[in-house]
Asks: 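Encoded as structure tokens, here's the structure I'll be asking about.
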Amino acid sequence: MPELPEVQTVVDTLAPLAVGRQILRALHVRNDMLKPGGIDLFSLLKDRSVAAIQRRAKRIVFTLDDRARFYIHLGMTGQLTLDSHDTPIKTHTHLILQLEGGRQIRFVDPRRFGAIVWMGLDEHTHVGPEPLALRPDRLGRLLAKTSRAIKTALLDQTLIAGIGNIYADEALFIAGVRPTARACELKPDDILRLNRAIKLVLRRAIRAGGSSIRDYVDANGARGSFQERHRVYGREGKPCANCKTPIQRIVLGGRSTHFCPTCQAG
DNA sequence: CATTTCACCTGGTGGC
DNA sequence: TGCCACCAGGTGAAAT
């Protein structure tokens, strides 16, 4: 579910109310959601406070006052919310951080594709550059390295961080690039338009609070609205906003892929 | 190596 | 109503 705009929105809504607070205790820890396995999160968090909450790629990174870090990945169905201690606990709640002041950070994830990853003082495992700070020459060099379909390349987090299935399709539509085009065969002008389209769609989605297809909510439980402005994602058979041609759906790399056969000629 | 496929999970939806 | 097949924002391991 959550791609860069959704993760950014969670961070933006969580940080103001959680940063600077002490973690009184960790409750409800589901151990098979922890990586590496077997770590004692309770001890690691004991007497610590939250120094920072930031986004890197699709990760929500908590920095503690001892500089150690951990991150939460929301997978497909994860929610990270700030709730009052007396709010009923949902099923599939895998972590509760009791903060001073009576509020709790809660991690809910029915499908359990997400994770709680302890980093300690280590650096992030390798992920590509942030797309909002990416210049076209760098994007061009990254894409020149692979013969995969451009859509598949955009989903590769080691190439570019944070883009998922929705925003890959939406960016390719805005850029007028067919998802099946080989990444290494894009022309300089395609790269330029794609780079602009990626930034444009991500910024617009962040401003809209992300896309809520089904599960996604921000830290206050509020849904985003960008799903109302999707041009191709989830719109199979509906008329293209530009040319009325029915939006086509294919499967690429095992993922649903939506595009306009007319506007995205190549 | 690079690339592709598939398994990991739960739950909602739509067809019969 | 019930059952079942299919689908879903992600990712990493296994297969090719």
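Being a predicted model, the structure only gives us computed values, none of them experimental.
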Asks: Would a 4.5 Å heavy-atom cut-off, applied to side chains only, mark A/Thr81 and A/Val108 as touching?
Replies: no

Asks: Please tell me if A/His92 has a side-chain N or O lying less than 4.0 Å from either OP1 or OP2 of B/dG11.
Replies: yes

Asks: Measure CG/A/Asp156 against P/B/dT3 and give the value in whole Å, please.
Replies: 9 Å

Asks: Under 3.5 Å, which donor-acceptor pairs link side chains of residues 199-209 of chain A to any protein atom two or more places apart or in another chain?
Replies:
unit_1: A/Lys199; atom_1: NZ; unit_2: A/Leu132; atom_2: O; d: 3.3
unit_1: A/Lys199; atom_1: NZ; unit_2: A/Leu134; atom_2: O; d: 2.8

Asks: Give me the distance, rounded to whole Å, that separates C/dA14 from B/dC9 when you measure between the P atoms they each carry.
Replies: 14 Å

Asks: Starting at CD of A/Gln79 and ending at C1' of B/dG11, how long is that distance when rounded to a whole Å?
Replies: 13 Å

Asks: The side chain of A/Pro110 is closest to which nucleotide in this list: B/dT4, C/dG10, B/dG11?
Replies: B/dG11

Asks: When we call it a touch if two heavy atoms are under 4.0 Å apart, what does A/Gly164 touch: a base, just sugar-phosphate, or nothing?
Replies: sugar-phosphate

Asks: In whole Å, what is the span from the CD1 atom of A/Ile60 to the P atom of C/dG10?
Replies: 14 Å

Asks: According to salt bridge (charged side-chain N to carboxylate O under 4.0 Å, His left out), does anything in residues 36-56 of chain A pair up with another residue at least two apart or in another chain? List the pairs.
Replies: A/Arg48-A/Asp65, A/Arg48-A/Asp66, A/Arg55-A/Glu130, A/Arg56-A/Glu130

Asks: With sequence neighbours excluded, tell me which residues meet side-chain contact (heavy atoms from CB on, under 4.5 Å) with A/Arg21.
Replies: A/Leu99, A/Glu100

Asks: Could you tell me which residues satisfy ring-ring contact (aromatic ring centres under 6.0 Å, His included) with A/His230, sequence neighbours excluded, listed by chain and number?
Replies: A/Phe226, A/Tyr233

Asks: Rounded to whole angstrom units, what separation is found between the NZ atom of A/Lys90 and the C1' atom of B/dT10?
Replies: 15 Å

Asks: Once side-chain contact (heavy atoms from CB on, under 4.5 Å) is applied, do any residues pair with A/Ser84, and if so which ones, sequence neighbours excluded?
Replies: A/Asp86, A/Thr87

Asks: Please evaluate the base of B/dC9 for a donor-acceptor partner in the side chain of A/Arg112 within a cut-off of under 3.5 Å?
Replies: no

Asks: Any salt bridge linking A/Asp218 with A/Arg223? Criterion: basic side-chain nitrogen under 4.0 Å from a carboxylate oxygen.
Replies: no

Asks: Return the stems involving DNA chain C, sorted by first number, where pairs are Watson-Crick (N1-N3 with N6-O4 or O6-N4) or G-U wobble (N1-O2 and O6-N3), both under 3.5 Å, and runs are 3 or more long.
Replies: B:2-8 with C:10-16, B:10-16 with C:2-8

Asks: Can I get a per-line list of side-chain donor-acceptor pairs under 3.5 Å for residues 241-250 of chain A, giving both atom names and the distance, sequence neighbours left out?
Replies:
unit_1: A/Thr245; atom_1: OG1; unit_2: A/Thr262; atom_2: OG1; d: 2.9
unit_1: A/Arg249; atom_1: NE; unit_2: A/Ser256; atom_2: OG; d: 2.7
unit_1: A/Arg249; atom_1: NH2; unit_2: A/Ser256; atom_2: OG; d: 2.8

Asks: Nearest whole angstrom, please: distance from the P of B/dT3 to the NZ of A/Lys151.
Replies: 17 Å

Asks: To the nearest Å, how far apart are A/Asn165 CG and C/dG10 C1'?
Replies: 9 Å

Asks: Taking only residues two or more places apart in sequence or in another chain, which ones pass ring-ring contact (aromatic ring centres under 6.0 Å, His included) with A/His124?
Replies: A/Tyr71

Asks: Identify whether the distance between the nearest side-chain nitrogen and carboxylate oxygen of A/Arg30 and A/Asp32 falls below 4.0 Å.
Replies: yes

Asks: For A/Leu17, give me all partners under side-chain contact (heavy atoms from CB on, under 4.5 Å), at least two apart in sequence or on another chain.
Replies: A/Leu82, A/Arg103, A/Asn220

Asks: Taking ring-ring contact (aromatic ring centres under 6.0 Å, His included) as the definition, give me every residue that meets it alongside A/Phe62, ordered by chain and number, with sequence neighbours left out.
Replies: A/Phe70

Asks: Going by heavy atoms closer than 4.0 Å, what residues in residues 218-238 of chain A are next to DNA chain B?
Replies: none

Asks: OP1 or OP2 of B/dT3 less than 4.0 angstrom from a side-chain nitrogen or oxygen of A/Ser147, does that happen here?
Replies: yes

Asks: On the side chain of A/Arg111, is there an atom forming a donor-acceptor pair with the base of C/dA8 - under 3.5 Å, no angle test?
Replies: yes

Asks: Starting from C1' on B/dT10, measure out to CE on A/Met33 and report it in whole angstrom.
Replies: 12 Å

Asks: Between A/His94 (NE2) and B/dT10 (C1'), how many Å, whole number?
Replies: 10 Å

Asks: Scan nucleotides 11-16 of chain C nucleotide by nucleotide, 5' to 3', and note B when protein non-hydrogen atoms come under 4.0 Å of the base, S if they reach only the sugar-phosphate, - if neither.
Replies: B-----

Asks: Side-chain N or O of A/Thr152 less than 4.0 angstrom from OP1 or OP2 on B/dT4?
Replies: no

Asks: Measuring from the side chain of A/Arg214 (C-beta onward, heavy atoms only), which nucleotide among C/dG10, B/dT3, B/dT13 has the closest atom?
Replies: B/dT13

